[in-house]
Amino acid sequence: MIMAGGPPLLSLRGIHKWFGKVHALNGVDVDVNPGEIVGLVGDNGSGKSTLIKILAGVLHKDEGEIRWRGKKTEIRSVQDSRRLGIETVFQERGLVESLTVSKNVFLGREPTRFGVIDFRKMAADSDQLMARLGLRIKSDQEARFCSGGEKQGIIVSRAMYFGAKLINLDEPTRALSVRGVEQVRNFVKELKNNSIASFFVTHNLYDVYPVADRFVVMSRGEKIVDIEKKGVPSVHALEEMIVKSSLRA
Amino acid sequence: MKVGRFQLWLLDNVAWVLLVVFYAGFAGANPQAMINIDTLHFLLYSAVPIGFVVLAQSVVLITGNFDLSIAEAAGLAGMSTGVVLMHVPGDAWFTPALCVILPVALGAMCGALNGALVGKLGLNPFLVTMGTQIGFQGLKLLIRPQSIWSRDLPPFFISIGANEVSSIVIFLVVLVCLWFFLTYIRGGAYLYAVGGDKETSNMFGIRPDNTIFYAYLLSGIFAGLAAIFYAGFNKGIPINMAGGALFPAFAGAVIGGVAITGGRGSVVGAFAGSLLIGLLETGLTMFAISPDARKVAFAILVIGSILLDRVRGTLRDRILRPSSIV
């Protein structure tokens, strides 16, 4: 799984997490390579969100090792995660809906000139980013008036602009229309074109299948499937594989 | 599209429209008294002290919070300053500085207390500021249970707010500075982000606890400034200084476009709200409306402002929503 160019971007080994007596993650190993789209699939309570929260610095692992570009590291806070180049978008928690599109793209990292926010640069860069993603939304439009797919686009554009290396999308297709799901897939492909890896977290295999390079399937805190797409002839074959693996587990 | 933009402009500037409507109404009833440069001058001047209270309420409302104690914070800051200044020689070199720094610092302390309880400890803003309102009022009466008049105070203290022109100019300068801060400086702009969505702002490194603390601190500073200008306007420190200002100030801020739910609003609009409150005070006094009837009028205004906030929100949504997602 390691690419010829060097170590994986992210390497997780033996990650454990307990919530009291509940063993939420039981020795999970996952690698993510630069620009790779990893479909992280599982039902509610499978541990996929816990894993993402650990990467985002919201939760802390109890045991295990995290390596970033081959070097051992600890993620103790959201800031630590962002410093590494990891951006995480949680379900319905990616935008301040009353703010405009450009204010959301630059939230917390507004460009300034002599201490004064440079709104002109924000608008110009935001318009450029939206055009790159094929979105026809104006920089001064309030985010609450964007469709679900467009909102995911704003979030993705932010990660692209600030040079993220890995973006965690937590259920980005939940409650989206067919067109919205297709839009999200295109955004993820655009991330890949920019060598940005992504964790596409979903409970719906069909949403992620067309774009993923690899599938990591979780069940009851354990990784039950980790397979590259070229080893899976169809989504139905993957479904069968998951059913067999979960029965074994 | 152009019609939509005009409607939006009208919604955002409804306070200015109401100002013109009410002024025309009062002028129609008594043209001699109202269409007069001295009256206009007085209207602006009388709006200054309550204008500071409106600004104080606005910055807190933008963060999605509320402050019931602002008027009493102004009263406490004014009375405490007055008691200190009574014992300070009027011609001492430090007296002018003390006349400004002391009320502002005392107001800031009141704001910091509210900010610590609401922002840092996450307590309910309504209940906290109801408690501090009672506390500030009690403390003020403990410090001095009677008014202080100008003869007992350094002339400089009264002169700051007694001069009509300088009062208006100082208020406008503060207003422009606050508008610039809230619009173009990160720390100010974050008040809107936190008011819009605390949790998301937090995820982007904007700490809601700090932002809310600083909003209350700023609000306290404005309460201290209000105390200076109330003292100048009243030529002393009355025992009930700024006592009735709380709800008219709230109405002024909301009519001016500051959303009750937070995250939206302009202090320039809030200024129009202050002028409207000043106009109503003057107009009702001019027509010899009894204090009780004036109370009823202001109660209607407060409830009206809440209704206006709701209607404005609905209409804004209707105008701004792109047709593609209707």
Cut-off 4.5 Å, heavy atoms of chain A, and the answer for B:Arg264 is side chain
Do other residues, nucleotides or ligands put more than 12 heavy atoms under 6.0 Å from the CG atom of A:Asn193?
-> yes
Nearest heavy-atom approach of B:Ala193 to A:Val96 is O-CG1, 3.9 Å
Is there a side-chain contact between B:Met203 and A:Val78 (heavy atoms, below 4.5 Å)?
-> no
One should read off an interatomic distance between A:Phe106 CZ and B:Arg186 CZ, to the nearest 0.5 angstrom, of 11.0 Å
Contact class of A:Leu99 relative to chain B, heavy atoms under 4.5 angstrom = side chain
Of the backbone (N, CA, C, O) and the side chain (C-beta and beyond), which part of B:Ile206 lies under 4.5 Å from a heavy atom of chain A, both, or neither?
-> side chain
Pairs of heavy atoms under 4.5 Å with chain B: top-ranked of A:Gln79, A:Glu142, A:Glu97 = A:Glu142
Test side-chain contact (heavy atoms from CB on, under 4.5 Å) applied to A:Thr112 and B:Tyr184, step by step | CA-CA 9 Å; A:Thr112 56; B:Tyr184 289 102; over 6 Å; no
Please step through side-chain contact (heavy atoms from CB on, under 4.5 Å) for the pair B:Asp197 and A:Ser98, ending with a clear verdict.
-> CA-CA 8 Å; B:Asp197 190 333; A:Ser98 58; over 6 Å; no
Would you find more than 12 non-hydrogen atoms of other residues, nucleotides or ligands less than 6.0 Å from B:Tyr214 atom OH?
-> no
With a 4.5 angstrom heavy-atom cut-off, could you sort out which part of B:Ala189 is near chain A: side chain, backbone, both or neither?
-> side chain
Roughly how far, to the nearest 0.5 Å, is the CZ atom of A:Phe145 from the CG atom of B:Asp317?
-> 4.5 Å
Intermediate values then yes/no, side-chain contact (heavy atoms from CB on, under 4.5 Å), B:Thr200 and A:Leu95 | CA-CA 6 Å; B:Thr200 303; A:Leu95 301 173; 5.5 Å; no
Which region of A:Arg158, side chain (C-beta onward) or backbone (N, CA, C, O), has a non-hydrogen atom less than 4.5 Å from a non-hydrogen atom of chain B, or is it both or neither?
-> side chain
Chi angles and distances behind the side chain to side chain donor-acceptor pair (under 3.5 Å) call for A:Glu110, B:Tyr190 = CA-CA 11 Å; A:Glu110 295 81 358; B:Tyr190 292 164; 2.5 Å; yes
